[in-house]
Amino acid sequence: MTKGQRIAELRKQKKISQSELSKAIHVSPSTIGMWETDQRAIKDNDLVALAKYFNVTTDYLLGKSETKSAEPNDNAMLIAAHIEDDATEEDMAKILDYIEMVKKSKNK
């Protein structure tokens with residue numbers, strides 16, 4: 001499943017229109033449509049906004065995980081929200097992977 005398909009699926013599960021989603025995360029409705037059809041790349045800050053809105057992990061949206069739910073106190077999402085806008089999706093994935101590794105090492 002592509003990023004766009006995951007976004008469309010989550011939006012439909014929430015029973016909201018593309019227009020409603022666009023207002024919630026402050027992008028244009030056409031941007032939502034292009035994301036859902038994989039015609040436009042998703043900026044990192046928009047990816048984080050989508051993950052927060054749908055309460056899923058960015059890994060789920062990126063197709064790196066089948067686990068949807070984000071932990072309520074997930075510090076990774078808070079940290080990710082403060083990363084510079086020029087971070088690429090690859091940079092963001094590496095940062096989130098590192099955060100997960102640190103969290104797992106603390107739980108041992």
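Just so we're clear, the structure is a prediction, and the values are computed from it rather than from any experiment.
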In Å and rounded to the nearest 0.5 Å, what is the CE to OG distance from Met34 to Ser28? 6.5 Å

Could you tell me which non-hydrogen atom of Leu61 sits nearest to which non-hydrogen atom of Ala51, and how far apart they are? CD1-N, 3.6 Å

Distance check, rounded to the nearest 0.5 Å: Phe54 atom CZ versus Ile25 atom CD1? 7.5 Å

To the nearest 0.5 angstrom, please state how far the OG1 atom of Thr37 sits from the CD1 atom of Ile32. 11.0 Å

Are side-chain heavy atoms of Asp46 and Thr31 found at a separation under 4.5 Å? no

By salt bridge (Lys or Arg N to Asp or Glu O under 4.0 Å) - contacts of Lys94 (at least two apart): Glu90

Residue pairs fulfilling salt bridge (charged side-chain N to carboxylate O under 4.0 Å, His left out) with at least one residue in residues 28-39, sequence neighbours excluded: Arg11-Glu36

Under the salt bridge (Lys or Arg N to Asp or Glu O under 4.0 Å) test, which residues partner Lys43, sequence neighbours left out? none

Is any side-chain heavy atom of Leu21 less than 4.5 Å from a side-chain heavy atom of Leu50? yes

Quick one: pull up CD in Glu9 and CE in Met1 and give me the separation to the nearest 0.5 Å. 4.0 Å

Heavy atoms only: give me the nearest Ala24-Tyr53 pair and the separation to one decimal. CB-CE1, 3.4 Å

